[in-house]
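Below is one structure, written out as structure tokens; comments come after it.
Numbering of ligands and ligand atoms starts at 1, following listing order. Atom set for the values below is all heavy atoms of this structure, side chains included, hydrogens, waters and symmetry mates excluded.
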Amino acid sequence: MKIFLDTANVKEIREAHELGLLDGVTTNPSLVSKEGHDFHEVLRELCSFVNGPVNAEVLSVDGNGMVSEGRTLSKIHKNIVVKIPLIKEGLKAVKILRGEGIRVNVTLCFSPTQALLAAKAGASYISPFIGRLDDVSEVGMDIVRDIKTIYSNYGFKTEILVASIRHPLHVLEAAKIGADIATMPFEVFNKLFNHPLTDIGLARFLSDWEKLKKK
Ligand code: E4P
């Protein structure tokens with residue numbers, strides 16, 4: 001499973017990249033706004049070192065506007081993937097952009113049937129938002145399972161990008177289902193490294209080694 005960071009914080013993205021574990025990045029208008037830097041400049045900087053997709057979302061809500069923003073974003077770098085919201089106008093835009101060879105990630109997906117339509121429109125990626133479904137007492141991961149079944153039933157090539165991840169258990173479930181990608185905040189990524197028994201085990205090895213040196 002590919003690991004993406006869900007942030008517009010360049011420092012965090014550089015750190016994950018330097019570990020050699022980063023496959024891509026997702027941003028959204030809220031994440032970009034939080035960092036307070038120029039959107040296109042951030043995208044240019046990310047594309048200069050991230051070896052994989054850098055997702056950038058459009059702000060228009062009409063088809064023509066989305067297509068025009070998508071074209072502009074895609075010209076920044078070949079690694080840019082345009083994020084389009086899962087609304088009717090959005091899927092119209094997906095079809096057009098796809099026809100021009102521009103990769104699209106259809107975002108804000110909350111149901112398997114929405115995901116079916118996105119794949120039919122030609123999305124390269126579908127982003128089910130599982131944490132936000134959990135927030136309203138629906139089991140977010142169930143839709144990932146359903147999307148996986150639907151896509152394999154019909155041979156859709158659209159990659160399942162599990163989004164709105166809140167904790168390591170979400171990552172584990174996504175991997176067990178066989179999702180293509182999990183995008184997560186830096187904080188969740190860091191948690192994946194930890195296990196208390198690893199720390200205890202390492203401390204014990206080192207202290208036993210010290211004992212040998214004293215003999
Ligand atoms: C994905 O591309 C989105 O940016 C993201 O995963 C949304 O997560 P949130 O629900 O934690 O805001």
Query raised in the report: Does the side chain of Val50 come within less than 4.5 Å of His17's, by heavy atoms?
Result: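 His17 vs Val50: side chains apart.
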Requested in this report: Answer whether the closest heavy-atom distance between the side chains of Leu133 and Asp142 falls below 4.5 Å.
Outcome: no
Query raised in the report: Measuring from Leu169:CG to Lys176:NZ, what's the distance to the nearest 0.5 Å?
Result: 8.0 Å
Query raised in the report: To the nearest 0.5 Å, what is the distance between CG (Asn190) and CD (Glu12)?
Result: 8.5 Å
Requested in this report: Considering the heavy atoms of Thr26, write down every atom of ligand 1 situated less than 4.0 Å from one of them.
Outcome: 2 (O)
Query - Numbered atoms of ligand 1 (with element) below 4.0 Å of Ala163, judged on heavy atoms - result: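 Those of ligand 1 that fall under 4.0 Å from Ala163 are 1 (C), 6 (O).
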Query raised in the report: Does at least one non-hydrogen atom of Glu57 fall below 4.0 angstrom from an atom of ligand 1?
Result: no
**Report entry** contact_flag Arg166 ligand 1 heavy-atom lt 4.0 Å
**Finding:** yes
Requested in this report: Assign the ring pair Tyr154 / Phe156 to parallel, tilted or perpendicular, where the plane angle (0 to 90°) is split at 30° and 60°.
Outcome: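 Tyr154 vs Phe156 ring planes: tilted.
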Give the residue, atom name and distance (to 0.1 Å) of the protein heavy atom nearest [atom].
atom: atom 7 (C) of ligand 1; value: Phe129 CE2, 3.6 Å
atom: atom 12 (O) of ligand 1; value: Arg132 NH2, 2.8 Å
atom: atom 5 (C) of ligand 1; value: Asp6 OD2, 2.8 Å
atom: atom 2 (O) of ligand 1; value: Lys83 NZ, 2.6 Å
atom: atom 4 (O) of ligand 1; value: Asn28 ND2, 2.7 Å
atom: atom 8 (O) of ligand 1; value: Ser164 CA, 3.3 Å

Requested in this report: Starting from the C-alpha separation in whole Å, work towards a yes-or-no answer on side chain to side chain contact (heavy atoms under 4.5 Å, CB included) for Lys148 and Ile160.
Outcome: CA-CA 8 Å; Lys148 178 86 184 159; Ile160 304 173; 4.0 Å; yes
Report summary line: Which of Arg71, Met66, Glu69 passes side-chain contact (heavy atoms from CB on, under 4.5 Å) with Leu97? It is Arg71
Report task. Report the residue from Thr26, Thr183, Asn105 that forms a side-chain hydrogen bond (donor to acceptor under 3.5 Å, both in side chains) with Asn55. Result ->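 One option only clears the test, and that one is Asn105.
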Query raised in the report: Could an N or O of ligand 1 be found under 3.5 Å from any N or O of Ser127, whether backbone or side chain?
Result: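 Ser127 vs ligand 1: no N/O contact under 3.5 Å.
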